[in-house]
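Encoded as structure tokens, the structure appears first; notes follow it.
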Amino acid sequence: MNWKFVKEVVVREDVQLLCIQETMRETISKEICQALWLDQEVEWVMSSTVNKVGGLLCLWSYEYF
């Protein structure tokens with residue numbers, strides 16, 4: 001995944017909710033979520049991969065939800 005591209009889209013489109021599927025990650029840190037969202041006011045939920053399939057990450061801002 002091109003994380004730089006994701007950050008650019010979040011800023012350019014004023015994204016309020018971001019869902020990334022097929023993350024291929026077991027875990028994700030608070031620091032990664034804040035860097036992706038470009039704000040410390042972020043919440044997220046993640047469903048990790050199962051047998052190297054799937055993985056869903058959803059991020060949103062406190063102020064919108």
Side-chain angles (χ1 to χ4, degrees):
M1 166 172 292
N2 186 333
W3 296 102
K4 182 180 176 189
F5 173 76
V6 172
K7 288 189 230 182
E8 289 172 359
V9 170
V10 167
V11 171
R12 183 179 64 240
E13 301 298 330
D14 191 29
V15 173
Q16 297 177 14
L17 174 68
L18 175 67
C19 296
I20 302 171
Q21 60 185 47
E22 300 294 329
T23 61
M24 304 304 289
R25 296 189 66 110
E26 293 290 326
T27 61
I28 195 153
S29 70
K30 178 180 181 177
E31 292 77 22
I32 291 173
C33 291
Q34 290 172 335
L36 265 177
W37 198 252
L38 300 173
D39 191 350
Q40 292 193 11
E41 303 292 324
V42 64
E43 298 231 4
W44 71 95
V45 65
M46 180 176 179
S47 170
S48 59
T49 61
V50 176
N51 297 326
K52 298 195 182 225
V53 175
L56 177 65
L57 172 63
C58 295
L59 301 112
W60 63 94
S61 176
Y62 293 159
E63 70 180 82
Y64 293 113
F65 299 99

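Note that the numbering runs from 1 along the sequence shown for the chain. Keep in mind the model is a prediction, meaning the values are calculated, not measured.
Both W37 and W3 belong to a single network of hydrophobic side chains, linked directly or stepwise wherever heavy atoms of I, L, V, M, F, W or Y lie under 4.5 Å apart.
Here the CG-SG distance, from L18 to C33, works out to 9.5 Å after rounding to the nearest 0.5 Å. Atom NZ of K7 is separated from atom CG of N2 by 10.0 Å, given to the nearest 0.5 angstrom.
The two residues Q34 and Q40 have their closest heavy-atom pair at NE2-O, 3.6 Å. Across all non-hydrogen atoms, the minimal contact from T27 to M46 is C-SD, 3.9 Å.
The side chain to side chain contact (heavy atoms under 4.5 Å, CB included) check on V45 picks up C58, W60, with sequence neighbours excluded. Every residue meeting the side chain to side chain contact (heavy atoms under 4.5 Å, CB included) condition with S29, not counting sequence neighbours, appears here in chain and number order: E31, I32.
Residues L36 and L57 are in side-chain contact: their nearest non-hydrogen atoms beyond the backbone lie under 4.5 Å apart.
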